[in-house]
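Residue numbers start from 1 in every chain, and the chains themselves are labelled A, B, ... in the order their sequence lines are given, proteins ahead of strands. The basis for the numbers below is simple: all heavy atoms, side chains too, and nothing from hydrogens, waters or symmetry mates.
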2 protein chains.
Amino acid sequence: MTTDRTDAAAVAEATTPESGIADPIPEATLARLPIYMRGLLEVAGDGVTTVSSRRLADLSGVNAAKVRKDLSYVGTRGTRGVGYEVDRLIREIGMVLSGEVTPVVIIGVGNLGRALSRYDGFVAGGFPVLALVDADSSMVGRRIAGVIVSHVDDLGKVVAETGCLLGIVATPAHAAQVAVDGLIAAGIRSILNFAPAVVSVPAEVELRKVDLATELQILGYHEHRREAANPQQVA
Amino acid sequence: MTTDRTDAAAVAEATTPESGIADPIPEATLARLPIYMRGLLEVAGDGVTTVSSRRLADLSGVNAAKVRKDLSYVGTRGTRGVGYEVDRLIREIGMVLSGEVTPVVIIGVGNLGRALSRYDGFVAGGFPVLALVDADSSMVGRRIAGVIVSHVDDLGKVVAETGCLLGIVATPAHAAQVAVDGLIAAGIRSILNFAPAVVSVPAEVELRKVDLATELQILGYHEHRREAANPQQVA
DNA sequence: GTATGTGAATAGATTCACAGCT
DNA sequence: AGCTGTGAATCTATTCACATAC
């Protein structure tokens, strides 16, 4: 994707006229923008040039009012009576969502780390995995998805060389804090943690968490509850 | 925040002491219970018998008031001036979170599906993966993490035999809706979707979503934003 | 003194509903 | 007519603050 500052300024205009930085987009909206993006790319592929909030909502599994409010944070303007211009929307949401290619380092190449390093969706979304590190020396030197595994001690060097800006932690729980500390020492300030452990980071570091076991436990609760509610009925 | 369900019965009985079905635990609280559980198991291992909300909060990366309010929903009672009894808390949270072992079927054994089927955290959390299916015949018959892969056409049979109650979708995006429909036809009513696609389900089915690329995009936004804010860093 | 339990206050996200533009 | 843009209303979640109990 191209980065041009003229558009950046246009987006920033939302509420902050002079300072170059736009208002922060609500977390909940942010989480939906990539979904909208997928829908937009889909209809763009079909040659459609405008979408209504209703149509985009259907494609995204949300309601139309939410789409409109979300897009208002992005600073996009649609045309009343018509809808939104697909290409323009793709460009503008793309701008908001990092705009350019952002390389990623994964720490921990066990089952999960390997699966993540091969996950097509990352590179497709502009997040190529350019570095892999592990604490286990027997892993070092292996090639996974085209990337040679380095030792975790060389993390700083590898990050500097590849220019990675995002770090993914895919270690066991007991190694997670050390991994996170290492990433921060290497200059990474945005981290996605897959290890089932609570880790602490300084305030300036952005930490997100994906907790696979917890997801199942939440589902399990609902399943359980439903069974308790109607013990014999199968819809 | 993946699913909205309007459970008329549950809403109607806001304060039911012990008649039939009880608590509608808030979604946000539910998502934290497994985290508390991990902290509790940790301190229990150290022989500690009581915890304060403050201590549990520190272990879980949240604040103490939230812990207390959350625990009030699970119906637990602590002792003022002392704290909560660790064993009892573990037992009660365990009860809420499905209580018993809940087997899982994974549909799609590509990179991600294989990694998930080998993920220790699932079985440790009471969610053993007892069935694997795939649409690719060349995968059928393979043994992964001790489970033989079946063909997706046999999904109904496999689910019935293994008693799986939860389904995980780990297919490519274009196959996700078919996979979900298959799970529902097989009687599964609680689904965790890893495919980067919007899928629709009937209202009685609980659908949660884990979107890996989206997680990175959200991080990317924050990283991007931070760089725009202080442009003196790495180019 | 210490820590729970919970109403009340605050913040955040969703949905409604309608004025206003094309 | 059709559809956006957005204040206002609503629902959900978080945090505060303090009476209450040990």
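Checking A:Y119 against B:N111 by side-chain atom types alone, no donor-acceptor pair falls below 3.5 Å.
Rounded to whole Å, the distance from CG on B:L71 to P on C:dA3 is 15 Å. A straight line from CD of B:E27 to P of D:dC11 spans 18 Å, rounded to a whole angstrom. Atom P of nucleotide D:dC3 and atom CG of A:L89 are separated by 16 Å, given to the nearest angstrom. The separation between B:R32 atom CZ and D:dT12 atom P is 15 Å, rounded to whole Å. Distance A:R88 CZ to D:dT4 P: 14 Å, rounded to the nearest Å. Between A:D70 atom CG and D:dT4 atom P the separation is 13 Å, expressed in whole Å. Summarising the geometry, the separation between CD1 on A:I25 and P on C:dA13 is reported as 12 Å, rounded to the nearest angstrom. In this structure, the CG atom of B:L30 is 12 Å from the P atom of D:dT14, given to the nearest Å.
Contact annotation: A:Y84 reaches the phosphate of D:dG5 (side-chain N/O to OP1 or OP2, under 4.0 Å). Using a 4.0 Å cut-off, no side-chain N or O of A:Y73 falls inside it from OP1 or OP2 of C:dG12.
The side-chain hydrogen bond (donor to acceptor under 3.5 Å, both in side chains) pairs that include a residue from residues 40-50 of chain B number zero, where partners must be two or more places apart or lie in different chains.
Salt bridge A:E85/A:R77: absent, no basic N to carboxylate O contact under 4.0 Å.
B:V123 pairs by the side chain to side chain contact (heavy atoms under 4.5 Å, CB included) definition with B:P128, not counting sequence neighbours. Applying the side chain to side chain donor-acceptor pair (under 3.5 Å) test to B:E223 and every residue at least two apart in sequence or in another chain returns A:S190, B:R226.
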Give me, pair by pair, the N or O atoms of the protein and of nucleotides 17-19 of chain D that are less than 3.5 Å apart, along with how far apart they are.
unit_1	atom_1	unit_2	atom_2	d
D:dA17	N6	B:R68	NH2	3.4

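The backbone N or O of B:I25 lies less than 3.5 Å from no partner atom in the side chain of B:T29, so there is not a single donor-acceptor pair.
With a 4.5 Å cut-off on side-chain heavy atoms, B:L33 and A:Y221 do not count as touching.
Of the residues near DNA chain C, A:K69 and B:K69, the one whose nearest nucleotide (by heavy atom distance) lies more toward the 5' end is B:K69.
Rounding to the nearest 0.5 angstrom, the gap separating the CG atom in A:L89 from the CD atom in A:E92 is 7.0 Å.
For residues 35-56 of chain B, proximity to DNA chain C is found at B:S52, B:S53, defined as any non-hydrogen atom under 4.0 angstrom from a strand atom.
Candidate nucleotides C:dT15, C:dA13, D:dG5 were compared by shortest atom distance to the side chain of A:K66, and C:dT15 ranks first.
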Contacts under 3.5 angstrom, residues 164-183 of chain A side chains, donor-acceptor by atom type, not counting sequence neighbours:
unit_1	atom_1	unit_2	atom_2	d
A:Q177	OE1	A:S200	N	2.9
A:Q177	NE2	A:D181	OD1	2.9
A:Q177	NE2	A:S200	O	3.1

